[in-house]
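Lettering follows sequence order; numbering is per chain, from 1.
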There are 2 protein chains.
Amino acid sequence: MKQLVRGERARRVLEAIILEYISGGVPVGSRAIAKRHGLDVSPATIRNVMADLEELGLLYQPHTSAGRIPTELGLRVYIDSILKIKQLSNADRERIRRSYKGGVARVEGLLKETSKVLSSFSNQAGVVLTPRLSLTVFKRIEFVRLRANMVMTILVSQAGIVHNTIFEIDGDISQEELDKYSRYLNDMLQDLTLHQVKTRLLDEMKKEKVLFDRLLSKALELSQKALQENIEDSEIYIEGRTNLLDNPEFADVEQMRRIFNAFEEKSKIIDLLDKSMSAGGVNIFIGSESELLDMESVSFITSPYTSGDEILGTLGVIGPTRMDYSRIIPLVDYTAKLLSKMLKETL
Amino acid sequence: MKQLVRGERARRVLEAIILEYISGGVPVGSRAIAKRHGLDVSPATIRNVMADLEELGLLYQPHTSAGRIPTELGLRVYIDSILKIKQLSNADRERIRRSYKGGVARVEGLLKETSKVLSSFSNQAGVVLTPRLSLTVFKRIEFVRLRANMVMTILVSQAGIVHNTIFEIDGDISQEELDKYSRYLNDMLQDLTLHQVKTRLLDEMKKEKVLFDRLLSKALELSQKALQENIEDSEIYIEGRTNLLDNPEFADVEQMRRIFNAFEEKSKIIDLLDKSMSAGGVNIFIGSESELLDMESVSFITSPYTSGDEILGTLGVIGPTRMDYSRIIPLVDYTAKLLSKMLKETL
DNA sequence: CTTTAGCACTCCTTAGACTCGAGTGCTAAC
DNA sequence: GTTAGCACTCGAGTCTAAGGAGTGCTAAAG
């Protein structure tokens with residue numbers, strides 16, 4: 001990719017245009033570049049370079065007599081081979097840490113807080129994908145008799161995630177009986193991931209068919225039911241949607257509607273975050289790279305977060321393609337690390 | 001209020017204008033009313049009536065040569081003394097019931113589903129306030145040892161709501177020990193509301209100071225900690241925000257931003273829903289009646305929902321003041337009743 | 001061969017002028 | 001009390017002209 005932009009000067013011009021465009025949001029002309037960016041050449045020269053960059057597909061003109069705007073490819077090249085990613089300053093780190101007021105009272109709350117942090121420090125939308133239950137490690141199961149024929153199962157994972165399911169059963173079971181089941185299961189299932197738990201339960205059920213142990217049988221059946229429900233699903237927390245309204249490129253209502261529709265539907269965003277979960281480190285999707293239909297002018301910057309060795313989920317920032325990557329990339333990176341640390345230390 | 005609009009004809013004109021305005025969204029003129037609403041009088045007569053209604057503050061003109069728009073007061077009068085609230089048709093009821101696919105796997109999910117139902121049947125935004133924990137009845141408490149010094153408390157209410165808190169303790173406690181505590185507490189706290197539980201615990205702690213029972217002491221301390229955390233808070237589920245974008249009155253970006261800001265902040269909406277919880281039946285807030293700053297053109301239609309005798313929360317529809325009250329009022333009413341029934345029957 | 005000044009050209013943006021039409025309020029007649 | 005007639009108001013839409021930002025090309029200079 002680097003070779004695409006041969007000369008040092010071409011690279012500096014591209015950088016200048018992108019910086020100018022990011023801060024201004026309007027097409028940038030040759031004069032502005034020549035003046036403000038310490039390139040000691042005339043606008044005419046800049047124009048020649050611009051024409052070259054346009055031919056390479058890194059810039060384009062909305063119309064003949066307008067300045068240039070970077071294309072997605074242009075941004076890609078910039079991010080991959082020009083942008084130097086700075087570390088977050090100590091002051092910034094400190095400010096981020098401080099904005100997590102209080103301790104970790106609930107994992108859910110911590111994740112929600114994180115999406116708020118991402119949004120307020122980026123001035124864009126912050127997003128956090130919740131852990132997929134099936135990937136987490138089993139910690140505890142409890143059954144609660146709600147009333148005759150109705151039982152609630154509460155599942156706790158090592159990472160402190162709680163999940164409950166309510167379901168109907170044939171015939172009543174007393175709370176004492178249910179407690180016996182859970183004690184039994186808690187012993188059996190220690191240290192398995194929920195995914196493993198599921199297959200383990202199936203194995204045991206097969207064995208049990210031969211042994212005819214009634215206690216065992218019921219316990220397995222109940223937990224089986226509890227695990228059927230959506231342990232593969234994730235949710236997302238999105239905060240700061242309205243920050244996006246401040247970007248002039250979304251002023252047009254039609255654009256806006258599409259973006260907010262995507263926020264409303266969530267499933268596409270979940271898919272995207274899910275995909276970038278396994279790829280370690282910071283991921284960047286520029287415009288149509290995210291393959292979310294109708295989202296040409298939106299970029300995602302994401303990073304997975306963990307708890308100890310478990311990869312739990314992804315967090316990130318959603319903003320216009322024209323966002324301040326140099327600030328937001330380290331922000332996402334640091335926030336992911338900080339969250340991982342908090343999850344590990346407190347749980 | 002009824003006296004405000006003396007003549008039968010005046011009332012019919014007001015109704016006609018409101019109906020026309022609701023369906024069209026643009027100021028309505030005298031011709032349209034004279035033609036379409038079976039009032040057998042000329043436009044000039046209508047104009048006279050309109051002038052009277054305007055003097056009463058029920059209508060206003062955006063500018064001299066425009067038609068009339070109902071004021072908030074006009075809508076209020078219409079809703080209070082003209083509108084006859086129809087029952088929902090059986091077909092509609094059936095369609096609503098059917099849109100709850102599957103059973104009640106989690107209360108949380110049920111509430112979220114409900115806000116979706118409200119949104120899709122009203123074509124506006126649907127909103128559901130989650131139960132305030134402190135009002136619900138205690139069912140069960142569990143402690144889980146996450147690791148040394150870290151304990152999770154899981155609280156289950158009779159209505160099937162689960163709430164967890166993680167906190168640090170001085171000195172390690174084994175899981176067996178924790179189980180003892182929870183068995184003890186589960187016996188003691190049956191059938192109290194969480195609010196009562198809180199005071200009860202304080203009482204017991206005072207007594208205990210005298211008795212020096214170590215088991216009791218620790219158990220009380222832990223549960224006390226768990227209850228300190230946000231049992232007074234509620235959350236809301238909002239669905240169908242983007243439906244509001246289809247209303248021409250919100251086409252202007254500035255308007256939109258204000259509304260979406262309110263959605264983002266939530267606390268004001270929570271307050272409003274909270275307030276309308278105690279007032280039984282359907283509540284209607286037109287425009288500035290809701291006292292949400294900057295929300296002149298938005299109406300709320302809300303109704304509390306219950307589980308048995310407990311009032312749990314509020315649900316409703318948020319839309320433009322210009323919404324189809326005759327359809328949405330019974331929708332909100334029916335949905336609240338249906339949700340209450342489901343909560344009661346399955347839990 | 002590269003850089004630059006000069007210049008004609010393009011095309012968006014803005015503002016003003018104008019028309020059109022919906023709707024009103026008033027007056028006078030029924 | 002109701003209605004027809006009419007002058008008047010005012011926003012929405014259309015058209016035109018001016019202004020200006022920015023370009024591409026050419027030709028000269030380094």
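Residue A:Arg68 places at least one side-chain N or O under 4.0 Å from the OP1 or OP2 atom of D:dT23. Phosphate contact (OP1/OP2 of D:dG24, side-chain N/O of A:Gln61, threshold under 4.0 Å): present.
Listed by chain and number, the residues in a side-chain contact (heavy atoms from CB on, under 4.5 Å) with A:Asn123 amount to none (sequence neighbours excluded). Residues passing the side chain to side chain donor-acceptor pair (under 3.5 Å) test with B:Ser122: none are found, sequence neighbours excluded. Not counting sequence neighbours, B:Arg241 has no partner by the side chain to side chain donor-acceptor pair (under 3.5 Å) test. Considering only residues two or more places apart in sequence or on other chains, A:Asp271 meets the side-chain contact (heavy atoms from CB on, under 4.5 Å) condition with none of them. For A:Thr321, there are no side chain to side chain donor-acceptor pair (under 3.5 Å) partners at least two apart in sequence or on another chain.
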Identify all side-chain donor-acceptor contacts of residues 52-60 of chain B below 3.5 Å with residues at least two apart in sequence or on another chain.
from	atom 1	to	atom 2	distance (Å)
B:Glu54	OE1	B:Arg68	NE	3.0
B:Glu54	OE1	B:Arg68	NH2	2.8

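Atom CG in B:Leu59 sits about 11 Å away from atom P in C:dG25, given to the nearest Å. The interatomic distance linking A:Asp52 (CG) with D:dT23 (P) rounds to 14 Å, in whole Å. Atoms OH (A:Tyr60) and P (D:dT23) sit 15 Å apart, rounded to a whole Å. Distance B:Ile69 CD1 to D:dG11 P: 13 Å, rounded to the nearest Å. Look at CD1 on A:Ile17: it is 13 Å from C1' on D:dT23, rounded to the nearest Å. Following rounding to the nearest Å, B:Ile46 (CD1) and C:dA22 (P) show an atom-to-atom distance of 19 Å.
For the helix from C:dC1-D:dG30 to C:dC30-D:dG1, the terminal axes (five pairs an end, C1' atoms, rotation from four pairs onto the next four) enclose an angle of 20°, given to 10 degrees.
Proximity of B:Val317 to B:Phe121: side-chain heavy atoms (C-beta onward) are nowhere separated by under 4.5 Å.
Within the structure, the salt bridge (charged side-chain N to carboxylate O under 4.0 Å, His left out) test picks out the following pairs touching residues 32-49 of chain A (sequence neighbours left out): A:Glu20-A:Arg36.
Salt-bridge formation is detected for the pair A:Glu8/A:Arg11: a Lys NZ or Arg NE/NH1/NH2 atom is positioned less than 4.0 Å from an Asp or Glu carboxylate oxygen.
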Between protein and nucleotides 4-11 of chain C, map the contacts as a letter string: B base, S sugar-phosphate only, - none, heavy atoms under 4.0 Å, written 5' to 3'. BBB---BB

